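The structure appears right after this line, and notes come after that.
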Amino acid sequence: MSKLSRPPQGESLGLTNCPTCKFLCHLDQGSCPRCGQAVQSRDRTSVQKSWALLITAAILLFPANLYPITIMTSQGQVRQDTIFSGINHLVHLDLLPIAIILFTASILVPMLKIFGLALYLTAISYRLPISKKTLMAGFHIIEWIGRWSMLDLFVISITAALINMGQIWDAKPAPAATAFALVILLTQLAAKVLDTRLLWDRLESKDDTN
């Protein structure tokens, strides 16, 4: 389809959707007449914001995996576990299903999310000839699976509470737990602040089948 035969975009007609209630608004109104939310055609700085958040998350991924995430004390003996050593300990205890779940939620999902967002932002920044529909489908999957990355911290908090209630062991989160929580938070923010409409604008000259 040639550029001349393409239907006009809302931006060229002075129209945009409200980011809160999705009401169709005129850009010259400045705010949504339904909910009062400020409206704008595009957030041109969202790519830079998303890159900054994503790079920070990628840096924090190293201490999150290298430093201990839990500290267990029993009869004066202290055991510190990283994410990898905790998963390895579960494997040795023949708790393979739980180990697989924690590996997926704590290691595989965050890494894939960072890689996926980096690919998405690179496609926008450098106009890669990748199908826009494929990129949008991947972006929605990234948003959906991102929430499950908090499963590891949830397991740590529940385990620590149960152990401490039993007064047999003492369990508490270690520094890597903070770094891991920040990785999840920053990747979710990186996806949240990105204005996905920029994908369609910047790759509009590319055929969607490429």
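Model, not experiment: these values are computed from the prediction. The first residue in the sequence is number 1, and the count goes up from there.
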*List for me each residue that meets side chain to side chain contact (heavy atoms under 4.5 Å, CB included) alongside Phe115, sequence neighbours excluded, and say none if there are none.*
none
Do [X] and [Y] land in one hydrophobic cluster if side-chain heavy atoms of ILVMFWY residues count as linked below 4.5 Å?
X: Ile100; Y: Leu108; answer: no
X: Tyr126; Y: Ile55; answer: yes
X: Leu182; Y: Met111; answer: yes
X: Phe103; Y: Phe62; answer: no
X: Val91; Y: Leu95; answer: no

Ignoring hydrogens, what is the shortest heavy-atom contact between [X] and [Y]? Give both atom names and the distance.
X: Tyr67; Y: Ala176; answer: O-CB, 3.1 Å
X: Ile83; Y: Ser106; answer: CG2-CB, 3.8 Å
X: Ala190; Y: Ser50; answer: O-OG, 2.7 Å
X: Leu117; Y: Thr187; answer: CD1-O, 3.6 Å

*Verify, without hydrogens or angle tests, whether Ser85 (side chain) and Asp81 (backbone) share a donor-acceptor contact under 3.5 angstrom.*
no
Pairwise distance [atom1]([X]) to [atom2]([Y]) - rounded to 0.5 angstrom:
X: Leu185; Y: Thr56; atom1: CG; atom2: OG1; answer: 11.0 Å
X: Leu93; Y: Asn88; atom1: CG; atom2: CG; answer: 9.5 Å
X: Phe180; Y: Ile69; atom1: CZ; atom2: CD1; answer: 6.0 Å
X: Leu60; Y: Thr178; atom1: CG; atom2: OG1; answer: 10.5 Å
X: Thr82; Y: Ile87; atom1: OG1; atom2: CD1; answer: 8.5 Å
X: Leu66; Y: Phe84; atom1: CG; atom2: CZ; answer: 8.0 Å

*Tyr120 side chain reached by Leu54 side chain, heavy atoms, under 4.5 Å*: no
